[in-house]
Number of protein chains: 2
Amino acid sequence: MADQKIPQVTAKRLPLYYRYLEKLHVIGKQRISSSELSDALQIDPATIRRDLSYLGELGKKGYGYNVTYLLQFLRDFLKQDEVTSVVLIGVGNLGTALLRYNFYRSHNTKIVAGFDRDSSKVGTDIDGITVYDMDRLEDVIQLHQVEVAILTVPVNFAQQTADFIIQKGIRGILNFTPARLTAPAHVRIHNIDLTVELQTLIYFLKNFPVIEDIQEPEPT
Amino acid sequence: MADQKIPQVTAKRLPLYYRYLEKLHVIGKQRISSSELSDALQIDPATIRRDLSYLGELGKKGYGYNVTYLLQFLRDFLKQDEVTSVVLIGVGNLGTALLRYNFYRSHNTKIVAGFDRDSSKVGTDIDGITVYDMDRLEDVIQLHQVEVAILTVPVNFAQQTADFIIQKGIRGILNFTPARLTAPAHVRIHNIDLTVELQTLIYFLKNFPVIEDIQEPEPT
DNA sequence: AATATCTTGTGATAAGGTTCACATAAACCG
DNA sequence: CGGTTTATGTGAACCTTATCACAAGATATT
């Protein structure tokens, strides 16, 4: 299998390539080179070629990549035709925003239900997604074959909620809480810590000298 | 200066250490070892020691780290006492949620204003943060010495909005749009692409064999 | 006070990722 | 159709980050 050894960072970039190729396809562009992709996506062309070479020899020397072919290849590779059902746990500010975020539009991911302990939220409907009590999690997971959850509960409930949903069958968690969750090895957790992201950006801004904008290099 | 050569990844972990130390301090814990920190934060103890060693020799052999001392050191290092003012551009679903997110509570970051083109949003107040028209950006930036913006506009306005705010003096952008922004070298951009995060999590879940949970190793 | 235990800080090594630079082959052009 | 240009795929070099493993110093114990 080609997908045995893809670096984590490459896996994160493939959707970017896919999305940009979709755009190119819509406007009718036939071919694209790694350097054009580089200009559009701000990724080094060698990195792009390396990434794509993990999947096979998808380009042609002196030509570049055929947009339709590469798009189709990535569609298959990223299984863009299979829709993956996801649940969201914790319908607060951020949770509500994510329910409305519409991951589904032109993507292969769909939030099928929200969950909250707060009875005033249970039964409501946010952009067509129903909010259930946590008790119903097991049913919904079984019905929709859900394995992935977005976790947006308050930080002090994060670990216990994680334990609960893992016990009900969740294997992947996109954790928006600042808590560093403990979980069995079969569970994959990706953390998005908004505070840290903001703080780190500020840290680098404050601690590194203002880089003068690079001049156009002399043409050779 | 000690902060000349800190790896990017270390800078992202320091706030985690800081937050956990705050908790320890509150409960009155005096000392902490890298292995205890490791258990709590799910970061290899050697990595923690390496991270802290970039800042100096903060621990003591056979003892660990003094919580109060390390906390104070990190507070200074991360300039937790200086509040950095930030603006948010694009008061939609996600933007509104982030305005309410309260980065300020126990952190050194404060969103001082929201901005939107939509006149029905202008003048409203979300958790005490006023939403202004984009025309007012320059004034607010000058008044609060703002250099950092959170960008939550629709993707098709992302680049033009970025160009505009950079021209007004913004030097750091936390970009929540899926657009890959082009900017002068002096501008620092951190991307948080929610769709990609979710897709990547799913990708790894689908493509890697279920890892059996690790058994407790035999005690030596 | 001697011994056993603990835990740091770090040299060395491994792992993961990026970029260079070029052989190779296709495309383009006159 | 031969020469020039273009652009891939990849070996090798490089850079960044993570982890191992241990000397050395501090603590704890008897």
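Lettering follows sequence order; numbering is per chain, from 1. Computed from heavy atoms alone, side chains included, the values below leave out hydrogens, waters and symmetry copies.
- Of the candidate nucleotides C/dT8, D/dC20, C/dT18, C/dT18 has the atom lying nearest to any side-chain atom of A/T47.
- Listed nucleotides: C/dT19, C/dG17, C/dA25. Nearest to the side chain of A/K61: C/dA25.
- Proximity of A/Y54 to the phosphate of C/dG16: no side-chain N or O atom is located under 4.0 Å from OP1 or OP2.
- Both B/Q8 and A/G64 lie close to DNA chain D; mapped to their nearest nucleotides by heavy-atom distance, the more 5′-ward contact belongs to A/G64.
- Counting heavy atoms of neighbouring residues, nucleotides and ligands inside a 6.0 Å radius, atom NZ of A/K29 exceeds 12 of them.
- The pair A/E147-A/R188 does not count as a salt bridge, with every side-chain nitrogen at least 4.0 angstrom from each carboxylate oxygen.
- Atom CD1 of B/I48 is separated from atom C1' of D/dC20 by 16 Å (rounded to the nearest Å).
- Between A/N66 and A/Q30, the side chains place no donor N or O within less than 3.5 Å of an acceptor N or O (distance only, hydrogens not considered).
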All N/O donor-acceptor pairs, side-chain side in residues 80-96 of chain A, below 3.5 Å, sequence neighbours left out:
from	atom 1	to	atom 2	distance (Å)
A/E82	OE1	B/K206	NZ	3.2
A/T84	OG1	B/K206	NZ	2.9
A/T96	OG1	A/G92	O	2.5

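- Scored by the side-chain contact (heavy atoms from CB on, under 4.5 Å) test, A/N175 finds A/L151, A/I173, A/T177, A/L181, A/I189, A/N191 as partners (sequence neighbours excluded).
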Polar atom pairs between nucleotides 28-30 of chain D and protein, under 3.5 Å, N or O only, would you list them?
from	atom 1	to	atom 2	distance (Å)
D/dA28	OP1	B/R31	NH1	3.4

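- Using a 4.0 Å heavy-atom distance criterion, B/S35 is classed as making no nucleic acid contact.
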Applying salt bridge (charged side-chain N to carboxylate O under 4.0 Å, His left out) to B/D163 and B/K168, what does each step give before you reach the verdict?
CA-CA 9 Å; B/D163 294 343; B/K168 297 298 181 200; over 6 Å; no
Pairs under 3.5 angstrom, nitrogen or oxygen only, protein versus nucleotides 12-15 of chain D, please.
from	atom 1	to	atom 2	distance (Å)
D/dA12	N6	A/R50	NH2	3.0

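- Looking at residues two or more places apart in sequence or on another chain, you find no side-chain hydrogen bond (donor to acceptor under 3.5 Å, both in side chains) involving B/Y65.
- Nucleic acid contact for B/L58: sugar-phosphate only, since backbone atoms but no base atoms lie under 4.0 Å from a heavy atom of the residue.
- When the side-chain hydrogen bond (donor to acceptor under 3.5 Å, both in side chains) test is applied to B/Q145, no partner is found at least two apart in sequence or on another chain.
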